[in-house]
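Structure, as structure tokens:
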Amino acid sequence: MPDANVRIPEEARDRLAAIAAAEGLSLRAYLARLAETLLTPAERAERAERALAALKEWNGYAPTAAEQQDLDGELDRRLAQAMPQ
């Protein structure tokens, strides 16, 4: 497979290279691994739908849209609390 060139700020390249080196990887190998492990928004949505279907089948869990929105808000609030300022 041919390589592709991606233009990013030098600071970002240096940071990614340092992270890769700390993991014993080249920048190329690190970025390839990253691309293989991250999900696209469509893939995340599909997984969420499958998880909800599995929960509904397993124990009847079927939150309404309003309940989901409330739960998302609570998760956002807790994540904000956990993040360093």
Side-chain angles (χ1 to χ4, degrees):
M1 174 179 359
D3 286 343
N5 291 320
V6 178
R7 296 181 58 85
I8 61 172
E10 193 173 317
E11 298 82 17
R13 183 209 56 212
D14 293 346
R15 179 172 170 76
L16 289 169
I19 294 167
E23 295 189 25
L25 297 170
S26 67
L27 179 55
R28 182 182 187 279
Y30 179 76
L31 291 174
R33 186 182 73 181
L34 189 64
E36 291 171 2
T37 58
L38 294 177
L39 299 175
T40 66
E43 290 167 334
R44 284 194 305 271
E46 179 187 348
R47 283 192 180 188
E49 287 177 26
R50 287 196 328 247
L52 277 174
L55 285 170
K56 185 175 182 180
E57 182 180 327
W58 176 56
N59 66 5
Y61 180 72
T64 65
E67 290 169 332
Q68 282 184 319
Q69 187 173 6
D70 289 344
L71 291 169
D72 287 345
E74 177 65 13
L75 179 59
D76 289 344
R77 184 186 67 75
R78 290 183 184 203
L79 287 171
Q81 282 181 327
M83 299 299 278
Q85 300 297 330

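- Residues passing the side chain to side chain contact (heavy atoms under 4.5 Å, CB included) test with P9 are E11, A12, sequence neighbours excluded.
- The side chain to side chain contact (heavy atoms under 4.5 Å, CB included) search around R44 returns L39, P41, not counting sequence neighbours.
- E43 pairs by the side chain to side chain donor-acceptor pair (under 3.5 Å) definition with T40, not counting sequence neighbours.
- With sequence neighbours excluded, the residues that form a side chain to side chain contact (heavy atoms under 4.5 Å, CB included) with R77 are E74, Q81.
- Side-chain heavy-atom separations under 4.5 angstrom define the hydrophobic clusters, and the remaining members of the one that includes L52 are L55, W58, Y61, L71.
- To the nearest 0.5 angstrom, I19 atom CD1 is 9.5 Å from L34 atom CG.
- As a member of the Ile/Leu/Val/Met/Phe/Trp/Tyr network built from side-chain separations under 4.5 Å, L75 groups with L79.
- Listed by first and then second residue, the salt bridge (Lys or Arg N to Asp or Glu O under 4.0 Å) pairs that reach into residues 47-59 are E46-R50, sequence neighbours excluded.
- Partners of A29 according to the side chain to side chain contact (heavy atoms under 4.5 Å, CB included) rule, which considers only residues two or more places apart in sequence or in another chain, are L25, S26.
- For residues 30-41, the pairs satisfying salt bridge (Lys or Arg N to Asp or Glu O under 4.0 Å) are E23-R33, with sequence neighbours left out.
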When you look at I8 and L16, which way does the side-chain contact (heavy atoms from CB on, under 4.5 Å) test go after all the steps?
CA-CA 11 Å; I8 61 172; L16 289 169; 4.1 Å; yes
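- Residues forming a salt bridge (Lys or Arg N to Asp or Glu O under 4.0 Å) with R28 (at least two apart in sequence, or on another chain): D3.
- No more than 12 heavy atoms of other residues, nucleotides or ligands sit less than 6.0 Å from atom CD of Q69.
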